[in-house]
Amino acid sequence: WVAVVAAIITPLSLLRSLDALRLTSLLAVLILGGISGLVLLYALPASGPAADLDPCPADGTASPVSCPPGEVRLFTSPAGVLAALPTLVMAYGCQMS
């Protein structure tokens, strides 16, 4: 994969003018917009326009491994945040490097 990406990126990085990359940038922005739209659709209530996108439907077809039973809480206790803090710090640190 690295060689394929390098074969695509190398000619683009050797262009005399970076104006030629504006279409590539537009494509990247459109893809990010599409991903953001999908995230918003997944965040909508399951009874709305995203009814088919519900990963854990209530009709009993959900996998108990990926959709464990129980209540899903939007907020947690401060102790729960502190318990997850090392994982969040490591994820942030690895993202930057």
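Numbers here simply count residues along the sequence, with the first being 1. Just so you know, these numbers use all the heavy atoms, side chains as well, and skip hydrogens, waters and symmetry mates.
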*List the atom of Pro11, the atom of Ala6, and the distance in Å for their closest heavy-atom pair.*
CD-O, 4.3 Å
*Other hydrophobic cluster members with Val5, side-chain heavy atoms of Ile/Leu/Val/Met/Phe/Trp/Tyr under 4.5 Å, chained?*
Ile9
*Using links of under 4.5 Å between side-chain heavy atoms of ILVMFWY residues, direct or through other members, which residues join Leu88 in one cluster?*
none
*So which residues get pulled into Leu82's cluster when ILVMFWY side chains under 4.5 Å apart are joined, directly or through others?*
Leu85, Val89
Identify every side-chain donor-acceptor pair in residues 25-41 under 3.5 Å, counting partners at least two apart or on other chains, and give the distances.
from	atom 1	to	atom 2	distance (Å)
Ser25	OG	Leu21	O	3.2
Ser36	OG	Leu32	O	2.9

